[in-house]
Amino acid sequence: MPFDTKRLVAKQDLIQILEAGRWTPTAHNMQNYEIIVIDDDKVLASIGNIKRPVSETFIRENYQQLSFSEEELLMKKTGLLAAMFPPSWRNPDFRLDIKDEKADLSMQRTFPTCPVMLIVVYDPGKRAPASEGDFLGILSLGCLMENMWLMANSLGISFHIMSSLSSDTVEEEVKNILHVPENLKIAFSCRLGYTISTPAKYLRVRRDIKDFTYHNKFGTKLSFV
Ligand SMILES: Cc1cc2nc3c(=O)[nH]c(=O)nc-3n(C[C@H](O)[C@H](O)[C@H](O)COP(=O)(O)O)c2cc1C
């Protein structure tokens, strides 16, 4: 959904979003993040113009999450509707053929514009103790994302996560533009702003509570009657 680039996010609202981020619970209170707030048109344009390469692995892994009709998605209750995927990608043995016109076109995709972007970076060298693969550190970054997302939405501001800014090739370009030190990684990035029109209704699915809860031991369903 395109953002209205002329409708700016009020400084007071931005501060509230960052304040919600500031009070995020993090493992060992490590506060393992730095946030770059970008509102300079030139910097936004430089990031926006980065080409998003298509990752074969991404498409193949995503295949597990795709449904090809609303009925299938309603039945699965998880994943995404594959409307945005060209038919040549809807195949578990997908191989990227750069001569494929559709794949080539999608390689030209750039990032949509917005009035403010947040880039959250962290130091993977700073790990939460006793946390295999820094699981607790990564979880803390997820809490940061959620805190800011909820605050933005409560202020009527859209918060659009862009995972592809953290993909290997794109991440390097973003880090160069923003002078991010070599040892830091991008945790997540988001666009903030107001959408041009009311977002179109789309099918949202979730598993039911009974699908993921158990009673006293794993495997025994929790009953609500
Ligand atoms: C860690 C994380 C990464 C996400 N990355 C993206 C993204 O790159 N692009 C996007 O449009 N949505 C992204 N999302 C949003 C999810 O796709 C969305 O929450 C999910 O499809 C369910 O949609 P719904 O909440 O609108 O029902 C992300 C969400 C999370 C928690």
Side-chain angles (χ1 to χ4, degrees), residues 1-3 17 20-21 24-27 32-33 35-36 38 44 47-48 50-86 89-90 106-107 109-114 116-122 124 133-154 156-171 173-174 185-209 211-212:
M1 172 57 68
F3 279 29
I17 294 168
T24 298
T26 55
N32 54 339
Y33 53 81
I35 304 175
I36 305 164
I38 307 167
L44 287 168
I47 294 180
I50 298 173
K51 302 276 187 297
R52 261 194 281 187
V54 180
S55 148
E56 199 174 282
T57 318
F58 167 81
I59 295 168
R60 231 177 299 122
E61 286 176 356
N62 224 318
Y63 183 81
Q64 316 283 337
Q65 305 296 337
L66 300 182
S67 285
F68 299 106
S69 68
E70 293 202 344
E71 291 70 29
E72 188 185 350
L73 184 60
L74 279 167
M75 204 174 66
K76 280 191 184 163
K77 299 190 233 175
T78 65
L80 301 168
L81 198 58
M84 73 295 265
F85 282 69
W89 294 12
R90 303 177 187 186
S106 56
M107 279 175 151
R109 277 196 313 173
T110 51
F111 294 92
T113 51
C114 59
V116 186
M117 199 181 273
L118 304 182
I119 309 275
V120 176
V121 297
Y122 72 107
D134 193 28
F135 179 71
L136 296 178
I138 304 294
L139 204 54
S140 302
L141 293 167
C143 291
L144 171 66
M145 176 198 279
E146 187 73 3
N147 261 29
M148 294 200 292
W149 196 332
L150 290 174
M151 178 54 81
N153 280 184
S154 78
I157 295 168
S158 294
F159 186 102
H160 178 224
I161 295 290
M162 294 180 296
S163 302
S164 39
L165 276 191
S166 338
S167 69
D168 287 347
T169 48
V170 177
E171 180 180 31
E173 287 192 60
V174 178
K185 278 194 71 64
I186 297 180
F188 63 90
S189 322
C190 70
R191 303 190 301 141
L192 285 177
Y194 300 88
T195 51
I196 281 174
S197 52
T198 315
K201 280 212 170 6
Y202 63 100
L203 179 62
R204 300 186 71 204
V205 294
R206 293 295 190 271
R207 291 179 297 160
D208 298 319
I209 295 173
D211 295 333
F212 57 83

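Just follow the structure's listing: the first ligand is 1, and inside any ligand the first atom is 1.
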Which bit of Y202 gets closer than 4.0 Å to ligand 1, counting heavy atoms only: side chain, backbone, both or neither? side chain
Once you round to the nearest 0.5 Å, how far does CD1 of I186 lie from OG of S163? 11.5 Å
Among protein heavy atoms, which sits nearest to atom 20 (C) of ligand 1, and what does the distance come to when rounded to 0.1 Å? L80 CD2, 4.7 Å
For ligand 1, which atoms have a heavy atom of M162 less than 4.0 angstrom away? 8 (O)
E171 side chain to K185 backbone, donor-acceptor under 3.5 Å: no
Expected output: side-chain T195 to main-chain S197 donor-acceptor under 3.5 Å: yes
Got a donor-acceptor contact below 3.5 angstrom from the Y122 side chain to the G137 backbone? no
Quick one: ring pair (Phe, Tyr, Trp, His ring centres under 6.0 Å) partners of F159, sequence neighbours excluded? W149
The protein heavy atom nearest to atom 15 (C) of ligand 1 is W149 CH2, 4.2 Å
Tell me the nearest of L141, L203, I161, L81 to atom 14 (N) of ligand 1, using heavy-atom distances. I161
Does the protein place any heavy atom closer than 4.0 Å to atom 17 (O) of ligand 1? no
At what distance is the nearest protein heavy atom to atom 30 (C) of ligand 1, and which residue and atom is it? M145 SD, 4.3 Å
Mark yes or no for whether S140, through its side chain, and A27, through its backbone, hold a donor-acceptor pair below 3.5 Å. yes
Nearest protein heavy-atom contact for atom 27 (O) of ligand 1: which residue, which atom, what distance? R204 NE, 2.6 Å
Which residue and non-hydrogen atom of the protein lie closest to atom 8 (O) of ligand 1, and at what distance in Å? S163 N, 2.7 Å
Tell me the protein heavy atom at minimum distance from atom 11 (O) of ligand 1, and give that distance in Å. H160 NE2, 3.0 Å
Test: salt bridge (Lys or Arg N to Asp or Glu O under 4.0 Å). Region: residues 192-208. Which pairs qualify, not counting sequence neighbours? K77-D208, D208-K210
Which protein non-hydrogen atom lies closest to atom 22 (C) of ligand 1, naming both residue and atom, and how far is it? R206 NH1, 3.7 Å
Given side-chain contact (heavy atoms from CB on, under 4.5 Å), test M148 with L192 step by step and report yes or no. CA-CA 10 Å; M148 294 200 292; L192 285 177; over 6 Å; no
Specify whether the nearest protein heavy atom to atom 1 (C) of ligand 1 is under 4.0 angstrom away. yes
